[in-house]
Amino acid sequence: MAKWGKIIDMGEQLCYCNSLDEKMQKLKRKLEDLSSREADINKELEYAESLYLKKRRQQVENWLKNVERINRQVHSLEQTLEERRLLGRVQLWKRVEELTGEVIQLVDQGRFPGGLTFEAHETKGDALLTTKLVGQTFQTNMDKIWTCLMQDEVLIIGIYGMGGVGKTTLVTHIHNKLIENPNTFDHVFWITVSQDFSIHKLQNDIAKILHLDLSNVDDEKKRAAKLALALMRRQQSVLILDDVWNHFVLEKVGIPVRVNGCKLILTTRSLDVCRRMGCQVKIKVEPLSKEEAWSLFLEKVGNEISLSPEVKDIARSVAKECAGLPLAITVLAGSMRGVDDICEWRNALEILKESKLGQDDMETEVFQVLRFSYWSLNDSKVQHCFLYCSLYPEDYKIKREELIERFIDEGFIDRMKSRQVEFDRGHTILNKLENSCLLEGIIDDFPNEKKCVKMHDLVRDMALQIVIVSPRFMVEAGVGLEDIPDEEKWTKDLEKVSLMHNKISEIPSSLSPRCPKLSTLMLQHNSLRRIPDSFFVHMHGLEVLDLSYNGIDHLPNSLSHLENLTSLLLRECDKIEHVPSLAKLSALRRLDLWHTGISEVPNGMEMLVNLRYLDLYAPNLKMLPVGTFTKLSHLQYLVVYRASETLKVNGEEVAHLKRLETFSGQFSELQNFNAYVKSLKVGGPSNYLLQMGLDDPDVTPIESDTFDKCVILKRCILSASRGGGEDSLLLPEDIEFLYIQECNDVRSLCGISSLKNANNLKACVIRKCNRVEHVLSHYPSPSSILTLQSLETLRLAFLQNLSDFIRCDRALSESPPPGILACLKEFRIYNCPNMKKLFMPRLLMCLQNLEEIHVEDCRQIEEIVAAASDENEVEENKDKGLGTTIFTLPKLRCLQLWDLPQLKIICNDNAVLVCDSLQEIIVRYCRKLKRIPLSLPLLDGQPSPHPSLQIIKAFPEQWWESLEWDHPNAKNLLQPFCQFTRYV
């Protein structure tokens, strides 16, 4: 019988294979339908957005992203089918079915009956941060510019003056005044131009603030035409171009200055630029008078201490050295803040006087003032950190974390007991540079609001003047270079070279720079394809080499002989398939191979005994040889690719890396995973992402980026083993984020017994676990129910058999465990078709910190709050006078109900929800819902909604009118807060 069973199994496999091709053909046909719909939608969007006051809906944007994702997945599947043998094809049969279902669903979703776009009602914008204007001269200039703006005949205004004189500050005040005055202009736009100007870049910058997509338009004239039309449609607008270095033809960019149309204000250091740009009014910003400069100096030096008359006399002379330039005054006063010792003030004045070069050029004098702030740092390593920032392009936003990593590479930060201590030192250095006004602290909004720093143009110019002499730098970053500098520029005394962010595509084979002192070479973000072997031959002192973000397909063998190299960065060099031997690079401390094309670990890596930082997030990497990390005992940072069927880490091997502070990797077996988790009980990384099971890079949870300690479980065993009763899976006790997908052996989270000790768990996502019936339950025993007291976010998605939030006996239902879900703030549930009742009344009473409820596409849900099972369950919450059951959610801000065709009630007829903090109600496709049982705060006996309340009705108006509210006048009072749309 066993023999016949094998034959039958083989026959089934063959049947699968025979039908696989048919299913693949069906998938391709459906994908063609989807691609046709995608093309139609893109054409419609292009036309609609050409009207400029139309904006694509977020739902459409998400749909297009999903179409792009599904195309990638199908393409990947086709490649896999070509490579797999019979057994692999059998396993892929179901994957083809899944993708076909997703494609069909996307085709259906692509109808968009509510339209693709909505009216984009633009605002003027937000006021910009600036400093207070000082002096009558500034006020006079303000008044003059404002008067000119109000005159129809004046279309272009030029503001010019030397660097640091306050042009940008002046125009920022104009910008803010335009924003604050609603009866002047309808639109105000601000663009910083800078030295790396090009027509194409400026067009992109203007298009971005106009929400205009030019990504598919390459022709400069067509781009200009689209921009001009967009600006003309926005009548009564002002475009401010700050820091213009060279003149250009406005029509080439697409800037149509005209009466009752667009006016232009520009700032520049050159009167000639104003003239050649056709400025009708040219206003020169002069330095401050002596008294104005002194007033600003006193303001910036602060009033923390009182200066004696003697010190004040010297301070006045110090302020005089700033030549009336606000930037110089601000920087110098900042460096003297809190100083009351007359000796220090005399010393400062003496240094400033001695540093004069005997020239009348004010800008040179400003450099001397700025240099004083540089010298006043009184720490050579902090000074080196400051000069290092000049290696980046002008106006470049440098991420603080990246910069500190560089400081560590360069040795500006001493080796300390941990990376965290080193980063603390790095942040301290950057704070000191910011407080000295030598760096500006800013926030980069994309992608995740990273903290950055940048150098003011004049400060960077000063730094570049310093590095012309000592230490010797060659900086040509972000200037559009297409060829690498000639050999004569590579002088013997060079210490650092930055050619980053250019368009250099090749290095001549004849180029072999003789730079014995060169320690840092930055070539990232170019178009390099190949580097000749001769290039590194005479760079024996090279310590930091950055070739990241290039198209290099081959590294020279001479790289293997750079024995002083401490940092080798090859990020995103996805064409590199092989790295030369690293055996001689024993000094290497940082090796970054993120998203390179390597398929095997570089030869000689076991010799890198000083390695602290290793990034092996390389998608093509096949495996890690046994003992890869055995000798790398100093590793503090280790990241390994997590979306490979073959690339796994050995838990016991990683557990021996006692200095590890950051770790991310995928484990090969449960035994390895548990072995590593056990090692964490005696100390481990402060930042980890542990994965068990195969990852799909397209659906890696983005939520994990916001937590330090994460575990991802996919297609693996969660429950206790049937034989010995020991946990099949151990979880770290300090876990903060847990993601579970396609793990089909438990019916609830209570089946994972190690979760009982997870007292720091902040977020949990459960997705596509088909056997899950309850989130929490008393199974296998009443004592096993979890309270999850620290949990703040819970997300449930695609759980086909989920029927109850909590499954327990009657007694437990009437009295949930103390503290259960006490900290829960956000609850989301999507595509759970078997769920009918969401919250039991007693459970809802426990959720006093709940801020958001999102329920979407749960086709069988009838009640959000289930009716009480008996009178005792809600007796204590009854209003004795009205007989109404009151449920209070004091912190609830958002209630979102989408696509719930069976939803009849939010809570029963004699119950009401009190939500005093509610700011957003979104209802979409809940056609059976007849009542909104929300009790709004009362003011003088009338409902008083939260001032930020927004109600989005995604239904015909008739449905809205038929809804019942708990106060007879509530609907009329809420109408001003409502907006009607078919899709949200």
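Please read all numbers here as calculations on a predicted model, not as lab measurements.
Cys915 approaches Leu892 most closely through the heavy-atom pair SG-CD2, 3.9 Å. Residues Leu802 and Glu773 approach most closely at CD1-O, 3.4 Å, considering heavy atoms. Cys743 and Arg715 make their closest contact through SG-N, 3.6 Å (heavy atoms, listed as atom of the first residue, atom of the second, distance). The two residues Val677 and Leu731 make their nearest non-hydrogen contact at CG1-C, 3.6 Å. Closest non-hydrogen pair, Cys832 versus Phe798, comes out as SG-N, 4.2 Å. Shown here for Leu749 and Leu755, the closest heavy-atom pair between the two residues is O-CD1, 3.8 Å.
The CD atom of Glu920 sits 4.0 Å away from atom SG of Cys894, with the distance rounded to the nearest 0.5 Å. For the atom pair CD (Glu863) and CE (Met840), the distance works out to 9.0 Å, reported to the nearest 0.5 Å. Here CG of Asn687 is found 9.0 Å from CD of Glu736. Values are rounded to the nearest 0.5 Å. Expressed to the nearest 0.5 Å, how far CG of Leu903 lies from CG of Leu897 amounts to 6.0 Å. With values rounded to the nearest 0.5 angstrom, Leu788 atom CG is found 5.5 Å from Leu821 atom CG. The CG atom of Leu889 sits 10.0 Å away from atom OG of Ser917, with the distance rounded to the nearest 0.5 Å.
With sequence neighbours left out, the salt bridge (Lys or Arg N to Asp or Glu O under 4.0 Å) criterion links Glu68 to Arg72. Remark: Phe839 engages Phe805, Phe827 in a ring pair (Phe, Tyr, Trp, His ring centres under 6.0 Å) (not counting sequence neighbours).
Not a single donor-acceptor pair under 3.5 Å links the side chain of Thr888 to the backbone N or O of Val914. Without hydrogens or angle criteria, Asn760 side chain to Asp734 main chain gives no donor-acceptor distance under 3.5 Å. In this structure a side-chain-to-backbone donor-acceptor pair under 3.5 Å is missing from Gln902 to Arg859. Listed for the Arg767 side chain is no donor-acceptor partner under 3.5 Å among the backbone atoms of Ala797. Proximity of a side-chain donor or acceptor of Trp898 to a complementary backbone N or O of Val923 within less than 3.5 Å is not detected. With Asp108 contributing its side chain and Ile104 its backbone, the two residues share no donor-acceptor pair below 3.5 Å. Judged purely by atom type and a 3.5 angstrom limit, Asn849 uses its side chain to pair as donor or acceptor with the backbone of Ala822. Judged by distance alone, with hydrogens and angles left aside, the side-chain atoms of Arg234 form a donor-acceptor pair with the main-chain N or O of Leu210 at under 3.5 Å.
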What verdict does the salt bridge (charged side-chain N to carboxylate O under 4.0 Å, His left out) test give for Glu102 and Arg69, after you've listed the backbone C-alpha separation in whole Å, the side-chain angles of each residue and the deciding distance to 0.1 Å? CA-CA 11 Å; Glu102 288 190 50; Arg69 173 182 59 80; 3.5 Å; yes

When you look at Ile922 and Leu895, which way does the side chain to side chain contact (heavy atoms under 4.5 Å, CB included) test go after all the steps? CA-CA 6 Å; Ile922 300 178; Leu895 175 62; over 6 Å; no

Report the C-alpha distance between Cys769 and Leu799 in whole Å, list the side-chain angles of each, state the deciding distance to 0.1 Å, and finish with yes or no for side chain to side chain contact (heavy atoms under 4.5 Å, CB included). CA-CA 6 Å; Cys769 297; Leu799 304 177; 4.1 Å; yes

Steps toward salt bridge (charged side-chain N to carboxylate O under 4.0 Å, His left out) verdict (Arg893, Glu851): CA-CA 5 Å; Arg893 294 183 293 102; Glu851 298 177 4; 3.4 Å; yes

In sequence, state the C-alpha distance, the side-chain angles, and the governing distance for Lys709 and Lys762, and then conclude on side chain to side chain contact (heavy atoms under 4.5 Å, CB included). CA-CA 10 Å; Lys709 300 176 180 182; Lys762 295 291 189 290; over 6 Å; no

Show, in sequence, the C-alpha distance, side-chain angles and deciding distance for Cys858 and Leu900, and conclude whether the side chain to side chain contact (heavy atoms under 4.5 Å, CB included) test is met. CA-CA 6 Å; Cys858 296; Leu900 308 174; 4.1 Å; yes

Under the side chain to side chain donor-acceptor pair (under 3.5 Å) criterion, do Asn831 and Asp857 qualify, and how do the steps go? CA-CA 5 Å; Asn831 297 87; Asp857 202 19; 2.5 Å; yes

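For the pair Tyr830/Leu796, no side-chain contact is recorded, criterion being any heavy-atom separation below 4.5 Å from C-beta on. Taking 4.5 Å as the limit, every side-chain heavy atom of Asp916 sits out of range of all side-chain heavy atoms of Pro890. A 4.5 Å side-chain heavy-atom check between Pro732 and Val711 finds at least one atom pair inside the cut-off. Residues Leu178 and Asn176 fail the side-chain proximity criterion, which asks for heavy atoms closer than 4.5 Å. Residues Asn42 and Val67 fail the side-chain proximity criterion, which asks for heavy atoms closer than 4.5 Å. Using a 4.5 Å heavy-atom cutoff, the side chains of Val746 and Arg771 are not in contact. Inter-residue side-chain proximity for Thr662 and Pro685 is flagged as unmet; no heavy-atom pair is nearer than 4.5 Å. Inter-residue side-chain proximity for Val772 and Asn744 is flagged as unmet; no heavy-atom pair is nearer than 4.5 Å.
Using a 4.0 Å cut-off between charged side-chain N and carboxylate O, Asp899 and Arg924 make a salt bridge. Looking at Glu742 and Lys714, no side-chain N of the basic residue comes within less than 4.0 Å of a carboxylate O on the acidic one, giving no salt bridge. A salt bridge links Arg828 with Glu852: the closest approach of a Lys/Arg side-chain nitrogen to an acidic carboxylate oxygen falls below 4.0 angstrom. The residues Lys928 and Glu862 are annotated as not salt-bridged, no charged nitrogen and carboxylate oxygen being separated by less than 4.0 angstrom.
A donor atom on one side chain and an acceptor atom on the other are found under 3.5 Å apart for Arg400 and His427.
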